[in-house]
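Let me begin by presenting the structure, written as C-alpha cells, before commenting on it.
Residue numbers begin at 1 in each chain, while the letters A, B, ... track the order of the sequences.
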Amino acid sequence: MADETTRGNGTGSDGAATGAGNDARAVSGGGYDPQGIEAKWQKRWAEARVFDVEVDSNKPKYYVLEMLPYPSGTMHMGHMRNYTIGDVVARVKKMRGFNVLHPMGWDAFGLPAENAAIKNNTHPRTWTNNNIAEFQKVMRRFGFSYDWRREISTCEPEYYRWNQWFFLRMLERGLAYRKKSRVNWCPKCATVLANEQVVNGFCWRHEDTAVESREIEQWFLKITDYAEQLLEDLKLLEGGWPERVITMQRNWIGKSQGAKVRFVVADFPGESIEVFTTRIDTIYGASAVILAGTHPLLGKLLAGSPVETAAREKLAALRQMSTKAEDVATAEKVGFFTGRYVTNPFNGAKIPVWVGNFVLMEYGTGAVMCVPAHDERDFEFATKYGLPKPIVVQPASSAEALTDENLAQAFTEYGVSANSGGYSGIATEVALDRMSAEAEARKFGKRETVYRLKDWGISRQRYWGTPIPVVYCEKDGVVAVPDDELPVLLPANPKLTGMGESPLAATPEFVNTKCPKCGGAARRETDTMDTFVDSSWYFYRYCDPHNSEAPYDSAKAAYWFPIDQYIGGITHAILHLLYSRFWCKAMRDIGLVKHSEPIERLFTQGMVQKGGVAMSKSRGNVVGALEMAEKYGADTGRLYTLFAAPPEKDLEWSEESIEGSWRFLNRVYRLVKRHSESLRAAKSGGIDAAAASPNEKALLRMAHQTLRRVSQDFDVRWHFNSAIALIMELSNEAQRMEPLEKTVRPEVRKEVLELMTLMLAPMTPHLAEELWEMLGHSEGLWTVRWPEFNKELAKDAEVEVVVQVNGRVRGKLTVAAGMGEAELLPLVMAESSVAHHVEGKRVVKKIVVQDKLVNLVVA
RNA sequence: GCGGGAGUGGCGGAAUUGGCAGACGCAGUAGCCUUAGGAGCUACCGGCCUCACGGCCUUGGGGGUUCGAGUCCCUUCUCCCGCACCA
C-alpha cells in the first residue's frame with residue numbers, strides 16, 4: 001500500500017534492477033562485517049522473541065504501522081525507506097517503555113497477480129506467494145522489528161471470509177446494495193473501475209487508456225451515508241494528519257449546500273426539470289435552464305420539438321466530445337436550444353431549455369439554471385449564444401453599480417438583491433434563506449446538501465479477489481449466503497482469460513449452487529470485491545490475526561486502537577484512507593469498535609527517486625534492497641535513507657553518497673573496537689560530574705547535549721537526518737579525543753561510547769547490538785531503555801558570547817555561563833576588535849541576550 | 001482557476017523557531033601513510049577584494065518591521081503536488 005509499492009500499478013514483472021554492482025564492500029581483518037553481524041543479531045532477536053507482543057494493560061501501548069505492500073516485483077530502496085522510518089519509530093517507542101505493536105502483512109489480492117498468472121501460465125496464488133516469500137526475505141534481511149506471528153495475507157480464506165462477513169453485515173443494514181449503473185470500464189483491465197480509480201478520464205493503471213462507460217449490475221457500498229461524518233470528523237484529525245491530506249479528502253467529499261428547484265416544462269403537463277443551485281438568491285436572473293447531454297428527460301423533450309432534427313444532430317456531436325477532464329475543463333462551452341421552455345416558479349418567466357457540454361450528469365441533478373450575470377460559466381455560455389443577462393445582484397458597496405453596459409464579467413459575490421420581486425433590496429444571504437423557504441412552502445423546491453462523493457462500487461469482473469457472498473435464485477431473488485457457509489471459496493483452478501466477464505462465471509462448479517432459502521437451484525454472484533475492501537480494515541486483523549470466530553476481538557482492538565502512527569505514501573491520501581475511515585465508522589455502527597477514526601497520526605513519507613523520478617520497475621530505475629544489503633549491509637542502507645533527506649521529502653538516490661554512511665559506520669565500529677578491550681571491565685553509568693577533569697567534562701557535556709537533541713529529533717521533530725549528523729559529530733569528537741586518552745578515565749569513555757551506541761540503536765540496530773556487546777554487556781541491547789540526558793553533565797560551564805556592533809559580528813568572548821550584564825559589558829568594551837568599531841562613536845543602545853549575544857548600537 | 005508545499009554553496013541538506021548562515025555528509029583540492037588503494041589519516045573547500053590582518057557581499061527578486069530577518073509582514077517571480085466547468 002505504500003506508494004513505493006503501489007497496489008497493482010500494472011507494470012510488468014520484467015525490468016531488472018539497476019544501480020549498484022553486487023560486490024560486497026571488503027572487510028579487512030577484524031573490521032566491520034555487516035553480513036556476519038546482522039545475521040548474528042537477527043538470530044538472537046528471533047530466539048529471544050524480542051518483537052512478539054501481547055495486550056498488556058499495565059503498559060502504555062503504541063501502534064505503529066506502515067501501509068501493507070502489494071507483493072509484486074523487486075523490493076527496492078523506496079520500500080525500505082518507508083519501513084525504516086516505521087522501524088525507527090517502533091524501536092524508539094519500545095526503548096521508551098511502550099508496548100509496541102508493529103505488524104506487517106500483504107495486500108495479496110489484485111489484478112497484477114491475475115495478469116502475471118495469465119502471462120506466465122501459472123496460478124495467481126503461486127505468483128503471489130512467491131512474491132510474498134521474496135518480500136519477506138528482504139524485510140527480514142533488513143531487521144525490521146515486526147511481530148511476524150501476526151503476519152496476514154489478504155488472499156487467504158482466513159482473511160477474506162471476513163470481507164464477506166462484513167459485506168453481509170452491510171447488506172443487512174442496507175449499506176450494501178445492487179443497482180444497474182453506468183460504470184467506468186477500462187478496456188485493458190477488462191473490468192470496472194471505481195470513480196477514485198479514474199484519473200482525468202483515464203485508467204489509474206493504464207495512463208494511455210481512456211475509460212469507457214458501460215451499464216452493468218453492480219454492488220455498491222453506501223459510503224455516501226457517511227459523507228457528513230467523514231467530513232465532520234476530519235476535524236478530529238487536525239494536527240495528526242498532514243493538512244493537505246485533510247484538504248484533499250474535504251475536496252473529494254465536496255459538500256455543497258443549496259436547494260433543488262423544479263421548473264415546470266411548458267406543453268408537457270406534469271413534467272418538470274429539477275435543478276440544483278447554491279445560489280437560489282440569483283434565480284430571478286435565470287435566462288435558461290441547461291441540461292447535461294445525458295439527461296434522462298432529453299429524449300422526451302426532443303421528440304416532436306420544432307427543432308428536433310437539428311437538436312439531435314447537435315446532441316450526437318456533443319456526446320462525441322472528449323470527456324477527459326483536462327480537455328473538458330478548458331474546452332469551449334458548446335450547447336444548443338431544445339425548442340422547449342420552462343417556467344421560473346418565482347416570477348413565472350418563460351425561459352428556454354438548452355443542453356450544455358459543461359453540465360455534468362453526475363453532479364447535482366444534471367441540470368442547472370443559467371444565471372449569466374452571476375456565474376462565470378453561465379456568462380460565457382450566454383455571451384456565446386446571445387442569451388440575456390439580467391442583473392439581480394448589486395455589489396453591497398454602492399460605488400460601482402452594475403448596469404447592462406458595464407457588465408464585463410459575471411459578478412459572483414454576495415451583495416444586495418435587485419430586480420427580484422419582493423426580495424429586491426435585501427442582502428443576498430438573507431434572500432437566499434427566504435427564497436429557499438418560499439420554495440419549500442410553495443412545494444416546488446427544497447433545501448438540499450449535495451456531495452461530490454459517490455457510493456463505492458466494489459464489483460470487479462475478476463478472479464483474484466474476494467467472492468461476493470450472495471446467490472441469485474429464481475424464486476427468492478438475491479439471497480445472502482448464511483454466515484455459517486462462509487467463506488465462499490474461490491475455485492482452485494479457474495480459466496483466466498483477462499477479458500470480459502469474471503472468470504468465476506466460466507467455472508460451473510462455482511456458479512451452480514443451491515439457494516440457502518428454498519434449496520432450489522441458484523447461481524452464485526461471480527464478481528469479486530475491489531481490493532480496497534481488503535485494505536480498509538486489515539489493521540484491525542493484526543490485533544487478533546488468528547481469530548476464527550470473528551474478524552477480531554473487540555477488546556483487543558480497543559486496547560491497540562487507534563493506530564498511533566500510520567506511515568505511507570501520499571498516493572493513498574484519498575482512496576485507501578477514505579475507505580478506511582468509512583469502514584471504521586461502519587464497524588462502529590455494527591458494534592465492533594467504539595472509536596470513530598482508526599488513525600490518530602498519519603505520516604506521508606517522500607519517495608526515493610533515481611534520475612528525478614520515483615523508483616519503479618517500469619522505469620527500470622530500481623535500486624534493489626537486497627543488493628544494497630549484500631553490498632553494504634542493512635544498517636548502512638537504513639542509515640543512508642534516514643540521513644540523505646528529511647523523511648517527508650523526496651530523496652534522490654546517490655551511490656556516491658551512501659559510501660559516506662558506510663564509512664561512518666566503519667569509523668564507529670573501529671572506534672569502539674579500539675576501546676573495547678580497555679573498557680570491558682569499566683564501570684557503566686553513574687559518572688560523578690564534580691570529579692571530572694576538564695577534558696572529561698567537555699566530552700561528557702557533548703555526549704549529553706547530543707543525547708538531549710537527538711531525543712528531541714526522535715520524539716518531537718522526526719528529524720532523523722539531523723539526529724544522525726549530531727551523532728556523527730559526537731563520534732568525530734570522541735575520535736579527536738583519543739590522543740588525550742590518558743586524561744579521560746575509562747568509565748567516562750565508556751559512558752560516551754555507550755550513549756553513542758544507544759542513540760544509533762533505533763536506526764542501525766544490528767551494529768548497535770554488536771557495539772553494546774563489545775562494550776562488555778551480556779544482556780542484549782533490546783532490553784535497554786532509552787537513556788535520559790543528564791542536565792548537570794550537559795550544562796555549559798563556559799559559553800561563547802557573540803559581540804555585534806550595529807548587528808554585525810565583530811568578536812567573540814568566552815565567558816562563564818550565566819554571566820550578568822554588569823560583569824559582561826566591561827569585558828565587551830575591552831575587547832580590541834570591538835573597541836576598534838566603537839571608537840569615536842556614541843553607544844546608543846546595548847542589547848544583551850544572556851549566554852548568547854551582545855549587540856552595541858553606535859551612532 | 002482553486003487548494004497545498006517548496007526556493008539556502010558544485011550536490012543532499014542544517015540552522016534548537018527572531019540571535020555567529022552554510023552543521024553533518026557527498027563531490028573536489030593538497031598532503032601523509034601504503035608495494036598498491038574504490039582503505040585509512042590530516043588540512044582546505046559560498047562569492048568578491050586583500051601579500052596578509054581583515055573587509056565587503058550572500059538564503060529566488062523587490063520592499064518593510066526590528067538593535068538584529070533564511071526565519072515575521074507586504075509584493076513579485078519560479079518550480080512541484082493535488083483538485084478542476086461541482087452549478
Quiz item: What residues, two or more places apart in sequence or in another chain, satisfy ring-ring contact (aromatic ring centres under 6.0 Å, His included) together with A:Y284?
Solution: A:F346
Which residues pass the side chain to side chain contact (heavy atoms under 4.5 Å, CB included) test with [X], not counting sequence neighbours?
X	value
A:A288	A:P352, A:W354, A:C370, A:L387
A:K384	A:E332, A:V334
A:L853	A:Q804, A:V849, A:N855
A:M737	A:N695, A:L699, A:E733, A:L740, A:V744

Practice problem: Take atom C1' in B:G46 and the same atom in B:G70, then report the distance between them in whole Å. | Solution: 15 Å
Self-check item: Residue pairs fulfilling salt bridge (charged side-chain N to carboxylate O under 4.0 Å, His left out) with at least one residue in residues 281-297 of chain A, sequence neighbours excluded
Solution: A:R279-A:D281
Exercise. Not counting sequence neighbours, which residues clear salt bridge (charged side-chain N to carboxylate O under 4.0 Å, His left out) with A:E380? List them please.
Key: A:K333
Quiz prompt | Residues within residues 243-250 of chain A bordering RNA chain B, heavy-atom distance below 4.0 Å | solution = A:R244, A:T247, A:M248
Quiz item: Listed in order of residue number, which residues of residues 636-649 of chain A have a non-hydrogen atom at under 4.0 Å from RNA chain B?
Solution: A:F643, A:A644, A:P646, A:K649
Quiz item: Across all strands, who's sitting opposite B:G82 as a Watson-Crick or G-U wobble pair, both distances under 3.5 Å?
Solution: B:C2
Quiz item: Do A:E800 side-chain atoms and A:K812 backbone N/O form a donor-acceptor pair below 3.5 Å?
Solution: no
Exercise. Please state whether the rings of A:F720 and A:F714 are parallel, tilted or perpendicular, taking 30° and 60° as the class boundaries.
Key: tilted
Quiz prompt | Polar side-chain contact A:N251-B:C83 base: donor and acceptor under 3.5 Å | solution = no
Quiz item: Between the base of B:C20 and the side chain of A:E800, is there a donor-acceptor distance below 3.5 Å?
Solution: yes
List, with names and distances, any nitrogen or oxygen atoms from the protein found under 3.5 Å away from nitrogen or oxygen atoms belonging to nucleotides 31-36 of chain B.
none

Are any protein N/O atoms closer than 3.5 Å to N/O atoms in nucleotides 64-66 of chain B? If there are, list each pair with its distance.
none

Quiz item: With A:Q735, which residues qualify under side-chain hydrogen bond (donor to acceptor under 3.5 Å, both in side chains), at least two apart?
Solution: none
